[in-house]
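Here is the structure we will look at.
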Amino acid sequence: GDDCDDCAGTPNGLLVNDGFGHCDGGGSLQNAIDLAAEGSVLDVPAGTYTGPFTIDKSLTLNGADQSTVFIENADISADVIKVCYSSGDACDVTIQNVTIRNGRYGIYSKSTGAVNVLNSTFYHNGYDGAALPDPDSDTAQADYAQFYPGVNGHTSSGGAMRIRNSNGSEIAYLTVYDNLRGIRFQDGHDGSIHDNVSHDNFESGIYLAAGSYTGSDGCSNTNVFDNEVYNNMNNGLLSVGGSDNSFTNNNVYGNWSAGVQMWNPSEITVSGNTIAGNNHKSFNGIGNNGDARGG
């Protein structure tokens, strides 16, 4: 065993270490999450960890490096990490320095606390990575409409992340690509979404989402800035409802539908962005007509 202070010896006199600083021999990431003290930092060594996983308390999940720590599911039918999903408690959770892949959503949080996602990579969430139809063929829209519903098992209703109802979250320094949805921040407040690269997702690259499309809910006082958003198969940036939000200094290009799309926002600021070469398809990645009727 390794450095197991205060652990009882096994019959052969060796100490048992589960690889996460615990000595109960549980040996799984979920076991380590369950044993970690409230508000502590759980260091995750290099390796591949297969879930799904649940975090139901304030905790920092700190990977050794996003190039060596892979947190995943066996398939895209379930979320990889759920954060206070059942309780909706005010858990303050940080997930950083990891790669999350092969889930429905990579992270699905209902915590009303601050949920921070930092320095990480997300791919193949809500989409298993199978070869896509030719977007320039004569039957492209029909081909994408057939591909999306998941009748062939290649897609599910998910994406990189769905951070709901949070307060004071930071989502930054992420690489997000080849997911069904990109960065989805829903009905959150005082958020900061910055310095991310979101590209080649079926749906919008970054969006401030709402529980409805009536304009009565959505995000507030959330700033989206200094992001690189390109080649997504729907909008680059999307705002649904909400109030007092801003999109500034983003580079938005080559997205199939609108560079920036808004439905029922209030008091929104869009300034200092570079928006070019969008709206070049008349349909989006799930085979519907483009949101801005582009093309």
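Residue indices begin at 1 and follow the sequence shown. Note that the structure is predicted; figures quoted are calculated from it, not measured.
Checked against the 6.0 Å centroid threshold, Trp256 and Tyr144 count as a close aromatic pair. Taking the six-membered ring wherever Trp is involved, the centroid distance between the rings of Tyr173 and His194 falls below 6.0 Å.
Between the side chain of Gln96 and the backbone N or O of Gly63, no donor-acceptor pair lies under 3.5 Å. Judged purely by atom type and a 3.5 angstrom limit, Asn223 has no side-chain atom pairing as donor or acceptor with the backbone of Ser192. In this structure, the side chain of Lys57 does not engage the main chain of Val93 through any donor-acceptor pair within 3.5 Å. Of the possible donor and acceptor atoms, none in the side chain of Asn249 sits under 3.5 Å from a partner among the backbone N and O of Asp226. Remark: side-chain polar atoms of Asn255 are not paired, donor with acceptor, to backbone N or O of Ser257 under 3.5 angstrom. At least one donor-acceptor pair under 3.5 Å links the side chain of Asn125 to the backbone N or O of Ile100. In this structure a side-chain-to-backbone donor-acceptor pair under 3.5 Å is present from Asn279 to Ala258. Listed for the Thr222 side chain is a donor-acceptor partner under 3.5 Å among the backbone atoms of Ser220. Side-chain atoms of Thr121 do not come within 3.5 Å of backbone N or O of Thr99 as any donor-acceptor pair. Using a distance-only test at 3.5 Å, with no hydrogens or angles considered, a donor-acceptor pair links the side chain of Asn227 to the main chain of Asp195.
The line from CG of Asp65 to CG of Asn97 is 7.0 Å long, rounded to the nearest 0.5 Å. Between the CD1 atom of Ile206 and the CZ atom of Phe247 there is a distance of 8.0 Å, given to the nearest 0.5 Å. Between Tyr253 atom OH and Ile275 atom CD1 the span is 13.5 Å, to the nearest 0.5 Å. Note that the CG atom of Asn289 and the NZ atom of Lys281 stand 14.5 Å from one another [nearest 0.5 Å]. The CG atom of Leu42 sits 12.5 Å away from the OG1 atom of Thr94 when rounded to the nearest 0.5 Å. To the nearest 0.5 Å, atom CD1 of residue Ile107 and atom CG of residue Leu61 are 9.0 Å apart.
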Output, in order, the C-alpha distance, side-chain angles, deciding distance and verdict of side-chain contact (heavy atoms from CB on, under 4.5 Å) for His280 and Asn278.
-> CA-CA 6 Å; His280 60 83; Asn278 303 287; 5.8 Å; no
Chi angles and distances behind the salt bridge (charged side-chain N to carboxylate O under 4.0 Å, His left out) call for Asp128, Arg101 = CA-CA 9 Å; Asp128 69 357; Arg101 62 189 184 185; over 6 Å; no
Is there a side chain to side chain donor-acceptor pair (under 3.5 Å) between Asn167 and Asp190 once you walk through the steps?
-> CA-CA 6 Å; Asn167 289 275; Asp190 302 311; over 6 Å; no
Where do Ser109 and Ser111 land on the side chain to side chain donor-acceptor pair (under 3.5 Å) test, with the steps shown first?
-> CA-CA 6 Å; Ser109 171; Ser111 168; 4.8 Å; no
Can you check ring pair (Phe, Tyr, Trp, His ring centres under 6.0 Å) on Phe202 and Tyr127, steps first, answer last?
-> CA-CA 9 Å; Phe202 278 72; Tyr127 160 53; 4.9 Å; yes
What do the steps show when you test Gln186 against Arg162 for side-chain contact (heavy atoms from CB on, under 4.5 Å), and what is the final call?
-> CA-CA 7 Å; Gln186 178 179 331; Arg162 187 173 183 177; 3.0 Å; yes
Please assess Gln141 against Asn284 for the test side chain to side chain donor-acceptor pair (under 3.5 Å), listing each intermediate value before the final yes or no.
-> CA-CA 8 Å; Gln141 183 168 1; Asn284 59 34; over 6 Å; no
Which is it for Asn234 and Glu203 under the side chain to side chain donor-acceptor pair (under 3.5 Å) test, yes or no, and what are the steps along the way?
-> CA-CA 5 Å; Asn234 203 330; Glu203 290 278 18; 2.6 Å; yes
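Using a 4.5 Å cut-off on side-chain heavy atoms (C-beta onward), Ile193 and Ile171 make contact. You'll find the side chain of Lys82 stays beyond 4.5 Å of the side chain of Asp56, heavy atoms only. No side-chain heavy atom of Val229 sits less than 4.5 Å from a side-chain heavy atom of Asn251. In this structure the side chain of Asn201 never reaches within 4.5 angstrom of the side chain of Asp178, judged on heavy atoms. The side-chain heavy atoms of Val176 and Asn179, taken from C-beta on, include a pair separated by under 4.5 Å. Side-chain contact between Tyr207 and Arg181 is present, with at least one heavy-atom pair separated by less than 4.5 Å. For the pair Asn73/His124, no side-chain contact is recorded, criterion being any heavy-atom separation below 4.5 Å from C-beta on.
Nearest heavy-atom pair across Pro133 and Asp143 is CB-CB, 3.6 Å. Ser169 and Gly113 get closest at one heavy-atom pair: OG-O, 4.2 Å. Annotation for Cys219 and Phe185: closest pair SG-O, 3.2 Å, computed over non-hydrogen atoms. Contact record, Val240 with Tyr213: CG1-CD2, 3.5 Å, taken as the closest heavy-atom pair. Considering every non-hydrogen atom in both Asn232 and Asn235, the closest pair reads CB-O, 3.9 Å. Considering every non-hydrogen atom in both Leu59 and Ala36, the closest pair reads CD1-CB, 3.7 Å.
Residues Tyr105 and Leu238 do not share a hydrophobic cluster, defined by chaining ILVMFWY side chains whose heavy atoms lie under 4.5 Å apart. No continuous path of ILVMFWY side-chain contacts below 4.5 Å connects Leu118 to Val44, so the two sit in separate hydrophobic clusters. Grouping the Ile, Leu, Val, Met, Phe, Trp and Tyr side chains by contacts below 4.5 angstrom, directly or via other members, places Ile71 with Ile95. A continuous path of Ile, Leu, Val, Met, Phe, Trp and Tyr side chains, each step under 4.5 Å between heavy atoms, connects Val83 with Val69, placing both in one hydrophobic cluster. Phe147 and Met233 end up in the same hydrophobic cluster when Ile, Leu, Val, Met, Phe, Trp and Tyr side chains are linked at under 4.5 Å.
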Under 3.5 Å, which donor-acceptor pairs do the side chains of residues 45-55 form with other protein atoms, sequence neighbours left out?
{"residue": "Tyr49", "atom": "OH", "partner": "Pro45", "partner atom": "O", "Å": "2.7"}

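Using a cut-off of 4.0 Å between Lys/Arg side-chain N and Asp/Glu carboxylate O, Asp79 and Arg104 are scored as salt-bridged.
Partner of Asn196 under the side-chain contact (heavy atoms from CB on, under 4.5 Å) criterion, out of Val117, Val224, Ile183: Ile183 alone.
Using modelled atom types and a 3.5 Å distance limit, the side chains of Thr60 and Asn62 yield no donor-acceptor pair. Side-chain polar atoms of Thr112 and Asn165 form no donor-acceptor pair below 3.5 angstrom. No hydrogens or angles considered: nothing links the side chains of Asn116 and Glu170 as a donor-acceptor pair under 3.5 Å. Using a 3.5 Å distance cut-off with no hydrogens or angles, the side chains of Ser212 and Thr214 do pair a donor with an acceptor.
For Gln146, the CD atom is loosely surrounded, since the number of other residues' heavy atoms within 6.0 Å does not exceed 12.
Screening residues 39-88 for disulfide (SG to SG under 2.5 Å) gives Cys84-Cys91 as the qualifying pairs, with residues at least two apart or on separate chains.
Annotation: cation-pi geometry satisfied between Lys110 and Tyr85 (NZ/CZ under 6.0 angstrom from ring centroid, within 45° of ring axis).
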